[in-house]
There are 2 protein chains.
Amino acid sequence: MVGDAVVAGDADIAPIAALMGEPARAAVLMALIDGRALAASTLAAEAGVAASTLSAHLARLVDGGLVSVEASGRNRYFRITRPEVADALEALARLAPCRPIRSLRQGTHAEAIRRARTCYDHLAGRLGVALLDALVAGNVLRVEEDPGGRPDPVLGAGRSQRYVLTKTGKARLGELGVDVETTARRPLTRYCLDWSEQRPHLAGALGNTLLSRFVDLGWVTRGERRVVQVTDAGRTGLARDLGVAAGDWA
Amino acid sequence: MVGDAVVAGDADIAPIAALMGEPARAAVLMALIDGRALAASTLAAEAGVAASTLSAHLARLVDGGLVSVEASGRNRYFRITRPEVADALEALARLAPCRPIRSLRQGTHAEAIRRARTCYDHLAGRLGVALLDALVAGNVLRVEEDPGGRPDPVLGAGRSQRYVLTKTGKARLGELGVDVETTARRPLTRYCLDWSEQRPHLAGALGNTLLSRFVDLGWVTRGERRVVQVTDAGRTGLARDLGVAAGDWA
DNA sequence: GTCACACTTCGGGATTGAGCGAAGTATCCT
DNA sequence: AGGATACTTCGCTCAATCCCGAAGTGTGAC
C-alpha cells in the first residue's frame, strides 16, 4: 500500500527536534507561535543573542522548513510556515513543564486562540479571516491586484494584492463610529496570512482601528495570551452591521 | 487567573526538544512509541550505537521524564512514560518528511493504532484493554494482589498484581480452541500498561496465544505498522464468546 | 562456586556548532 | 549624494557532547 508509506514510525524526527532544541531557536519559534511575522531584529532581542548569531539560526529554521521569510525593504519578516509546526511546538510545550499540566484548559486555549486572537494590534484567527471576507463581500473593501507596487511590509503572498476602502465602505464604517481619517503615516490596509487558517486577515491601520472600535463597543474583550473573547453584543453586532456570520468563526 | 498559568507561550521547550533531537535518542523514542517496554540491549541495536553510549542516552531520557525504567533481573526495560510524550513525538513525525504529508491517512493511522495494535506479540490499544476487562468481568481471569512476588518483567505498576486463569476461564477458552497448556517456560499471564489508554492490557503467554487464535479464527488481521484490523466475524465473535462489546473499543 | 550476561561508569578522542565582532551588501531617509 | 539602518557573511574561539572501549557491578544459569 504505497499511499500509506509515511507514518509515524518511519519519520526521522531528530533533525526537526534538534532544530527546536536549541534555546535561541526555541525562543524564536515560541515568539512566532501565534502566527505573527516578526523582523529579524525583533527576534534577536527576544532570543537574547547577537544579530549575526540569530541570522544563522534563522537560516537553519528556514532551511528546515519550519519558518518562512518575506523580504520587505531592508527588513525580513519571519513566520511559522504551517499549522503543523505550531501543533508540534504546542505538543512539546505541553510536555515541557513536566508537572503542571492542565490539559483541559490548554485544550480550550489552543482552540480559543485559533478562533479569535490578536495579531500585533488587529484581529486574527477564524474571526479575523471571517471579518476580512465579510468586508470584501459587503463591498467595504475592494481587492486590487498591485503588480507594480512594492510588496506589503508584513507579507503578501506571491503576487501582491491591495485592499482599498470603497466609498460605501467608508460610509458604513463611519456609521459604526470608525474614524477612517486617523491614518497617521501607516498604510490603511494590509493583510496578513493567518497560520491557523492559511488565509489572509486584515492588518494595517484599519485593522487596528477596527479592533479598537470593537473593544470600545464592548463587542470583544482581550483575554490572556492574545485570546479574544466575543461578547453577545459583539456576536450580534458583527453579524448585523458587518455581515460576519457567527457560523463562520465560532 | 492563576489556574491558567501554564500555557503554550511560557514553556521552555528547548531541553525537551534537544532530548529528542539526537539521532540515537530519537531512534529509541520512535522504537518505544507504540508503548512497548524494551530492554536496553534491544534499544542499542535499534539505535546502532554501543551499549555504553546508549546507557548514557537512556539515563538522560529518564532524567528528562520522557522514559521510565523498570528493572527485572539483569534486564532493564524502558518505556515511554506518558501519552503526551507519544503525542509530541507523533506531532514531530508528522512534520519530519517536510513534503510527503498525507494528513488524512496519517490521522487515520494515529487513530487506528490507538484503537487496536500489537504490542510485541499480543493485543494492545483500546481493544487490548477492553479484552482484559472483559476477561476479568467474565471470570476468565481473576485479579490477585501479589505483594511478595517479584515485579513483573515487563512492568507492573507500583504494586504488582497477578491475573490468574480460573477453571471456568480455562473451559471457556478451550471452547474457543485456545490451548492453554502450551505455556512453555513463559509466564501465562502478564499485563502491560498501555500508553494510549493508561490502563493494563493482557500480555504474557496467554496474551500471545489469544492473538494467534484470533488470527487463526479470522477475527483480526495484522496490518502495517502494528495496526490490527478487526473483521466482522471478529466483531461478533469477540462480543459473543468473550463479552468484548464493540462499543468499548471501536 | 564459577561463568555468562546485562548494564553502568569512567577516561580520552574527535566532531559539532553556538557565540561574538568586524566587514560587506542592500535599502531607506533626508 | 551621504548617512543610517537591517541583515548577512566571514573568521575565529570555546564549550558541549557524542562516541567508543575497558573496567566495574549485579543477576541468572549450571
Side-chain angles (χ1 to χ4, degrees), chain A residues 14-29 31-32 37-64 67-79 149-155 184-187, chain B residues 12 14-29 32 37-64 67-79 149-155 184-187:
Chain A
I16 300 281
L19 232 35
M20 299 176 174
E22 200 281 327
R25 287 195 296 264
V28 165
L29 290 169
L32 295 175
L38 297 180
S41 52
T42 311
L43 292 169
E46 188 85 21
V49 294
S52 61
T53 302
L54 195 83
S55 181
H57 284 311
L58 287 171
R60 294 183 61 179
L61 288 173
V62 170
D63 189 57
V67 161
S68 60
V69 209
E70 200 76 17
S72 165
R74 54 188 171 182
N75 292 322
R76 297 183 76 200
Y77 289 89
F78 296 85
R79 72 166 60 237
R150 71 162 196 233
D152 202 283
V154 179
L155 178 61
R185 27 185 299 159
R186 189 180 174 190
Chain B
D12 184 13
I16 299 281
L19 230 34
M20 299 176 174
E22 200 281 327
R25 287 195 296 264
V28 165
L29 291 169
L32 295 175
L38 297 180
S41 51
T42 312
L43 291 170
E46 187 85 22
V49 294
S52 61
T53 302
L54 195 84
S55 182
H57 284 311
L58 287 171
R60 293 182 60 179
L61 288 174
V62 171
D63 189 57
V67 160
S68 60
V69 209
E70 198 77 16
S72 164
R74 55 186 172 186
N75 292 321
R76 297 183 77 199
Y77 290 89
F78 296 84
R79 72 165 62 237
R150 72 161 195 235
D152 202 283
V154 179
L155 180 59
R185 27 185 300 161
R186 189 179 174 191

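Side chains are part of it too, since the values below use all heavy atoms of this structure and drop only hydrogens, waters and symmetry mates. Just so we're on the same page: letters track the sequence lines, and every chain starts at 1. Because the structure is predicted, anything quoted here is derived from the model rather than measured.
Across C:dG19, D:dG26, D:dG21, the shortest atom-to-atom separation from the side chain of B:Arg74 is found for D:dG26. Residue B:Val49 places its side chain closer to D:dC19 than to any other of D:dC7, D:dC19, C:dC20. In the set D:dT8, C:dC20, C:dG17, D:dT8 carries the atom at the smallest distance from any side-chain atom of A:Ala51. You'll find that the side chain of B:His57 is closest to D:dC19, out of C:dG19, D:dC7, D:dC19.
Nearest heavy atoms, A:Ala47 versus A:Leu54: CB-CD1, 4.0 Å.
A straight line from CG of A:Leu54 to P of C:dC20 spans 10 Å, rounded to a whole angstrom. Separating the CG atom of B:Leu38 from the C1' atom of C:dA6 is a distance of 15 Å, rounded to the nearest angstrom. If you measure from atom OH of A:Tyr77 to atom C1' of D:dC7, you get 13 Å, rounded to the nearest angstrom. Rounded to a whole Å, the CG atom of A:Leu58 is 14 Å from the C1' atom of D:dT9. Here C:dT8 presents its P atom at 11 Å from CG of B:Asn75, a figure rounded to the nearest Å. Between the CZ atom of B:Arg76 and the P atom of C:dT8 there is a distance of 5 Å, rounded to whole Å. Atom CE in A:Met20 sits about 19 Å away from atom C1' in C:dG17, given to the nearest Å. Taking atom CZ of residue A:Arg60 and atom P of nucleotide C:dT16, one finds them 12 Å apart after rounding to whole Å.
Here the options are B:Val67, B:Leu38, B:Leu61, B:Leu29, the test is side chain to side chain contact (heavy atoms under 4.5 Å, CB included), and the partner is B:Phe78; only B:Val67 passes.
If A:Gly48 and B:Thr53 are placed on DNA chain C by their nearest nucleotide, the residue sitting closer to the 5' end is B:Thr53.
Among the heavy atoms of the strands lying under 4.0 Å from B:Ser52 is at least one base atom, whether or not backbone atoms are also near. The residue B:Ser41 sits close only to the backbone: its heavy atoms come under 4.0 Å of sugar-phosphate atoms, none of a base.
In this structure, the side chain of B:Arg60 does not engage the main chain of B:Arg25 through any donor-acceptor pair within 3.5 Å.
Interatomic distance, B:Ser68 OG to B:Leu32 CG, rounded to the nearest 0.5 Å: 9.5 Å. Atom CD of A:Glu70 sits about 10.0 Å away from atom CZ of A:Arg76, to the nearest 0.5 Å.
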